Amino acid sequence: MTLLPPPRVNVWIMALTLLVTAAPFAQAQTAAPLSYGVENYIFHPVTAPHGMVASVDKTATEVGVAILRQGGNAVDAAVAVGFALAVTHPQAGNLGGGFMLLRTPAGQTVAIDFREMAPQGATRTMFIGADGNADCRLSLTSPLASGTPGTVAGLTLALSRYGSMDLARVMQPAIRLAEQGFIVNQALAGDLAHYGRENLVHYANSRAVFFKANGQPYTAGERLRQSQLARSLTLIAHQGSRAFYHGDIARQIVAEMRRRGGLINRQDLANYQALERRPVMGSYRGYEIYSMPPPSSGGVHIIQILNILENFDLAKMGAGSANAIQVMSEAMKYAYADRSQYLGDPDFVSVPVQALTSKAYAKTQAQRIDLNHARPSSTIRPGQLQLYESDQTTHYSVVDKNGYAVAVTYTLNTYFGSGIMAGNSGILLNNEMDDFSAKPGSPNLFGLVGADANAIAPRKRPLSSMSPTLVVKDGKIWLMTGSPGGSHIITTVLQMVVNTIDFGMNIAEATAAPRFHQQWTPDELRLEKGFSPDTLRLLQEKGQTLAIKPVMGSVQSIMRLPDGTLAGASDPRTQDDLTAGY
Ligand code: GLY
């Protein structure tokens, strides 16, 4: 289906731009940031003069670009993309919760929190099994796994406060995609075949949508129609978020919960509220960094790690060098140790954001980092902060010609959430309750441990790592970025900032560069393929425990070049349909 008018030169589409996979990337770059442009680079960003959308899905990106072309601002486009992904990227988009960071042309930066909330009936020990241990089947695949969804409240709030178009207009493309169907891409086909067989297939209403009459999931190249979802989206387009939180969709969610023994009831839905929050803010080598505040841990820890890194000359060490990786991974340990202790829903616990993001605190942590010897995680505890007190997911970025910039990360948690569909609404239910700390010290799906600050309580929001992030230079948006990936989100976004600011990579290079990750526990430096054996050997000699594992993240970023040109890149790790075959 063609959603766009014939291409014009002023707006280019940038999803699915990179064909190549991450190549070895261990070049030493000692100079300060270069031109960030498109020449003399292995990896090339897409460029455009006016507006841009970067998302994981080409069709959803086209929806956003079409809204920009029609004169919509970046918020209009972001809301349109958000609902389009509910149709075309049901792995993460259909309709859980998340966060939006937006910047207005006047330079105001706002965070919108539409994270799921624990239902009123949730209890602290609800995921502890008979053996006294946390039972992840309860928190991931049972009807208890779902928090009250926030995406519809968040997107409609953003549109009403910052958009310029009406809801019906920006939802029209999503409704059409659901009604008329879209062609399933490799990514969705693969995820249906793998994860769909683990969860969706167990529920007749989910199976009826994503599996064919012969019992097989839809495969690449086939058309997937979602008429029930089209009806639900039409209700929302006409009635606003009331349809979801009070009306017909609410009734179907509650009935499904009752039928299966879940907790979300009418009051949970009626009381749900998306909130505007103040973004967490920091600085890094002269750039302003804005990111998501609690209940996401992302912004706090990205800024904390950047503050630590400011004490080292990463540019001189060089991208991909053992020294740069050593410093960064040691800094990550300190941040994740603090995360386990201090981070939670700020409406329930006092999160020491100011202390955690203070330069002085970072300096004490930087002083503990030894360039030559990794410090075992077992010897690192959450920091003493009082001295400083006086603070399967998807991401997309949108920018328009007037200077609005929007970064959204939202999710059902794991692929297709719990797999449970609310009646015949076409709406999948999340399994975000797993992001709470079910029991102190017990890791969740992402291996993250937590304590009281992230214990389950009624109407509390589970701690997240989602980190839509904006970087501002000289008062103007310079970079917007974000990623899925659970606990890897924080370190993936961090590396986008460091790759561009310290190593002078253009946005496509920064995206393609191999990533690494350390989260304190387990004490393991996880790396993607692509680092040189020499580098790995040096890291081992420093005492790092290395693990080469599958790729991390799917970054969707846009950078504004010094001449105002927009340069964007979609992560090659999740692109799959530019090359064709038969
Ligand atoms: N569900 C993953 C996160 O919010 O971090």
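As a basis for the values below, the full set of heavy atoms in this structure was taken, side chains included, without hydrogen atoms, waters or symmetry mates. All values reported here derive from a predicted model rather than from experimental measurement. When a residue number appears, it is its place in the shown sequence, counting from 1. Just so you know, ligand 1 is whichever comes first in the structure, and atom 1 is the first atom listed for that ligand.
Residues satisfying the salt bridge (charged side-chain N to carboxylate O under 4.0 Å, His left out) test with E432, not counting sequence neighbours, are R115.
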Tabulated below should be the N or O atoms of ligand 1 paired with protein N or O atoms at under 3.5 Å; can you produce that?
{"residue": "ligand 1", "atom": "1 (N)", "partner": "N413", "partner atom": "OD1", "Å": "2.7"}
{"residue": "ligand 1", "atom": "1 (N)", "partner": "E432", "partner atom": "OE2", "Å": "2.7"}
{"residue": "ligand 1", "atom": "1 (N)", "partner": "D435", "partner atom": "OD2", "Å": "2.6"}
{"residue": "ligand 1", "atom": "4 (O)", "partner": "R115", "partner atom": "NH1", "Å": "3.0"}
{"residue": "ligand 1", "atom": "4 (O)", "partner": "R115", "partner atom": "NH2", "Å": "3.4"}
{"residue": "ligand 1", "atom": "4 (O)", "partner": "D435", "partner atom": "OD2", "Å": "3.1"}
{"residue": "ligand 1", "atom": "4 (O)", "partner": "S464", "partner atom": "OG", "Å": "2.7"}
{"residue": "ligand 1", "atom": "5 (O)", "partner": "S464", "partner atom": "OG", "Å": "3.4"}
{"residue": "ligand 1", "atom": "5 (O)", "partner": "S465", "partner atom": "N", "Å": "2.7"}

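Under the 6.0 Å cut-off for aromatic ring centres, Y195 and F416 do not qualify, their centroids lying 6.0 Å or more apart.
Residues D523 and K333 are paired through a salt bridge, judged by an N-O separation under 4.0 Å between the basic side chain and the carboxylate. Here R277 pairs with D347 in a salt bridge; the nearest charged N to carboxylate O distance falls below 4.0 Å. At a threshold of 4.0 Å, the pair K439-D135 does not count as salt-bridged, since none of the basic side-chain nitrogens sits closer than that to a carboxylate oxygen.
With 3.5 Å as the limit, one finds no donor-acceptor pair spanning the side chains of T469 and T481.
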